[in-house]
Amino acid sequence: GDSVTQMEGPVTLSEEAFLTINCTYTATGYPSLFWYVQYPGEGLQLLLKATKADDKGSNKGFEATYRKETTSFHLEKGSVQVSDSAVYFCALPYNQGGKLIFGQGTELSVKP
Amino acid sequence: DAGVTQSPTHLIKTRGQHVTLRCSPISGHKSVSWYQQVLGQGPQFIFQYYEKEERGRGNFPDRFSARQFPNYSSELNVNALLLGDSALYLCASSLDPTAQLSSYNSPLHFGNGTRLTVT
């Protein structure tokens, strides 16, 4: 069945370091792909998305490219900030409507 | 506009008890979905409701049930609680279940969740 696999955390970085969080997926066809972020004590927020192969989603300095050849959607940011500390989830939809399959999440901790 | 609101924010129950969690969607949203997020894992889909009808169900036992009211708010009920039911329960709303997830603004808007602890 459809699934999403993320690199395990926690990831600890210093401020201004480069971030990569790996995400690979298994799916029928070419679904949209998403990154959600969960700040402490909050629900999930959509960070960015890509709707087709080779699309690059971007938001708040984060980027991810939909690569069908490697079935990957890795999240990157060139210079992280303390405020980026959160848990990041890769996700894809299945069936119709508002159902998402999430990866297990990767916790990011950015130190000053 | 208010976002998705969930109540209560925290709850402690004993094994074998019953619990009801509540969710109010964003105004105008007709679909509500429930997710269970166990500590250290990603959210798992439980139910989706649209126009008071169940549109989808995840791999959860019959102890889990839900319903949607005419005002589109929703309740999630869990009977005979087990220790393993301890989790963050997230509610998400969207305009309708067929809204394409490829739209620019995520059609899924999440609440902050209810933290359930079963002792």
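What you see is a predicted model, and the numbers here were worked out from it, not measured in a lab. Protein chains get the first letters and strands the later ones, always in sequence-line order, with residue 1 at the start of each.
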_What part of Q37(B) gets within 4.5 angstrom of chain A, counting heavy atoms only: side chain, backbone, both, or neither?_
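Interface part for Q37(B): side chain.
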Shared hydrophobic cluster for [X] and [Y] (ILVMFWY, side-chain gaps under 4.5 Å):
{"X": "V87(A)", "Y": "Y39(A)", "value": "yes"}
{"X": "V78(B)", "Y": "L83(B)", "value": "yes"}
{"X": "L11(B)", "Y": "Y89(B)", "value": "yes"}
{"X": "Y72(B)", "Y": "L21(B)", "value": "no"}
{"X": "I46(B)", "Y": "F69(B)", "value": "no"}

Report the distance from atom [atom1] of [X] to atom [atom2] of [Y], rounding to the nearest 0.5 Å.
{"X": "S94(B)", "Y": "K99(A)", "atom1": "OG", "atom2": "NZ", "value": "11.0 Å"}
{"X": "F102(A)", "Y": "L90(B)", "atom1": "CZ", "atom2": "CG", "value": "8.0 Å"}
{"X": "L46(A)", "Y": "F110(B)", "atom1": "CG", "atom2": "CZ", "value": "9.5 Å"}
{"X": "Y35(B)", "Y": "L44(A)", "atom1": "OH", "atom2": "CG", "value": "9.5 Å"}
{"X": "L108(B)", "Y": "Y36(A)", "atom1": "CG", "atom2": "OH", "value": "5.0 Å"}

*Please check if atom CG in N71(B) has more than 12 non-hydrogen atoms from other residues, nucleotides or ligands closer than 6.0 Å.*
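Yes, CG of N71(B) has more than 12 neighbouring heavy atoms, counting only those of other groups under 6.0 Å.
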*Take atom CD in E16(A); do more than 12 heavy atoms of anything else shown fall under 6.0 Å from it?*
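Counting other residues, nucleotides and ligands, CD of E16(A) stays at 12 neighbours or fewer.
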*asked:* When you compare the side chain of F45(B) with that of I101(A), does any pair of heavy atoms fall below 4.5 Å?
replied: no
*Verify side chain to side chain contact (heavy atoms under 4.5 Å, CB included) between Q104(A) and V38(B), making sure each step is shown before the conclusion.*
CA-CA 10 Å; Q104(A) 74 271 31; V38(B) 173; over 6 Å; no
_Heavy-atom closest pair, residues N112(B) and E42(A)_ = OD1-CA, 3.6 Å
*Using non-hydrogen atoms and a 4.5 Å limit, figure out which bit of Q45(A) sits close to chain B: side chain, backbone, both or neither.*
neither
